[in-house]
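Heads up, the thing below is written out as structure tokens.
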Amino acid sequence: MPIVLSVNSGSSSLKYQLIDMPSEHVMAKGVIERIGLGDSIHTYSMNDIKVEVTEDIANHEAAVGHLLKMVQHDKYGAIQSLDEIQAVGHRVVHGGERFSNSVLMTDEVMNQLHACIELAPLHNPANITGIQAFQKLLPSVPHVAVFDTAFHQSMPKKTYLYSLPYEYYEKFGIRKYGFHGTSHRFVTKRAAQIMDRPLEELKLISCHLGNGSSIAAVHGGQSIDTSMGFTPLAGVTMGTRSGDVDSAILPFLMDKLDLSEKEVLDIYNQKSGLLALSGISSDLRDIEEAAQQGNERANLAIDIFVERIRNYIGSYAVQMNGVDAIIFTAGIGENSQWIRSLILEKLDWMGIHFDPQQNGVRGVERELTYATSPVKAFIIPTNEELMIARDTMSISGIEEGMELCLR
Ligand code: AMP
């Protein structure tokens, strides 16, 4: 059976899963952190075996070499030879307007990824470095790029355009792109399966709530709006990111604090959100604990987070002229009983009959509404790695090859 390697390369990290397809069984997975920073850590697991190796891994190519050795290891390996890996799927954060689907990597696609760097200067270079390292060490297998932005390319112009001079869109590509597309696509597809209804007829609101959070309105399987924008800074309050704020605050702060534009933007990205509001942590677990002990700022941070999410839900219900289900996913969406109940409790006007008895779970698929509820709510754990592997299977052509073999 084909084995697909699903990869997410960051600037100093590399996460991977070796997935057997089409059974979708995860054979092995790991993460290499601190690449190029000294004392790199490779954490690897296969079934119940867990291995942690600390050694200097100088760059992404060395990290890929490390990973490929590990998956073939005498004792811990999941495969005997690299020939068993039939394709590699890569997460790419920004595909601009050029990519509305996952694609097979070619020289032309690589050029286009380079052209998208200006839209995601923090993420795309690392994604490209990762792809190049894998292409060098696994040159004879297909490589597929899966974009965070691609799913949202279906948004209509009236949604993705900002009310700024039109030529800025034409000249510089300034528009809403949206992110977390692979996750929103995975959970909305799964919701349709759970509901046993065609995705094409459903109006869904997907809440990906993690350290970074975004909400998406998905009508008939197509993203028609999402809360993140030109960058992942926009939308709801996040762990350290501000979410939506009035743009005029930026020059005002530059003046008041005598800071550069980059320094203020760093504050928006790294020192705002739940961290800034609570004054405690960007991690919701710490904030919930403090709030339970009566900490006012922690309670305020939770109130603001919940209100921003509810506002997007209301707005998307209006845009779609109704909703069939709301989905919770990612670290907070899958695990925080408290946040889910604060969001769902007062939505009965919308047809959501929330069943608190169902809510006391973490990280599992669960319906959160009564069987008779006209509008449903679900927890659906996301699985971006699997979505990448599925796309890689269908786009690389190994799926057809497999059918031929089976015939
Ligand atoms: P992610 O970025 O998807 O990994 O999500 C990270 C966020 O999920 C952090 O804010 C965590 O505090 C939050 N999270 C993880 N587990 C829990 C939990 N049991 N209760 C509340 N929040 C959680």
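Atoms within each ligand, like the ligands themselves, are counted from 1 in listed order. Count residues from 1 along the sequence.
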Check your understanding: For Ser183, which of Thr329, Thr188, Thr382 qualifies under side-chain hydrogen bond (donor to acceptor under 3.5 Å, both in side chains)?
Key ->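 Running side-chain hydrogen bond (donor to acceptor under 3.5 Å, both in side chains) over Thr329, Thr188, Thr382 with Ser183 returns exactly one hit, Thr382.
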Exercise for review: Report all protein residues having a heavy-atom distance below 4.0 Å to some atom of ligand 1; order the list by chain, then number.
Suggested key: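 The answer is Gly210, Asn211, Ser282, Asp283, Leu284, Arg285, Glu288, Ala330, Gly331, Ile332, Asn335, Ser336, Arg362, counting any residue whose heavy atom sits under 4.0 Å from ligand 1.
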Point to revise | Glu24, CD atom: more than 12 neighbouring heavy atoms under 6.0 Å | key: yes
Revision key, fill the gap. Partner of His184 under side chain to side chain contact (heavy atoms under 4.5 Å, CB included), picked from Ser223, Ser214, Cys207, is Ser214
Practice item. Enumerate the residue pairs fulfilling salt bridge (Lys or Arg N to Asp or Glu O under 4.0 Å) with a member in residues 65-75, sequence neighbours excluded, ordered by first and then second residue. Key: none
Check your understanding: Going by the salt bridge (Lys or Arg N to Asp or Glu O under 4.0 Å) test, which pairs reach into residues 80-94, not counting sequence neighbours?
Key ->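 Every salt bridge (Lys or Arg N to Asp or Glu O under 4.0 Å) pair that includes a residue of residues 80-94, provided the two are not neighbours, is Arg91-Asp148.
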Review point. What ring pair (Phe, Tyr, Trp, His ring centres under 6.0 Å) pairs are there with at least one residue in residues 331-367, not counting sequence neighbours?
Key: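 Found none.
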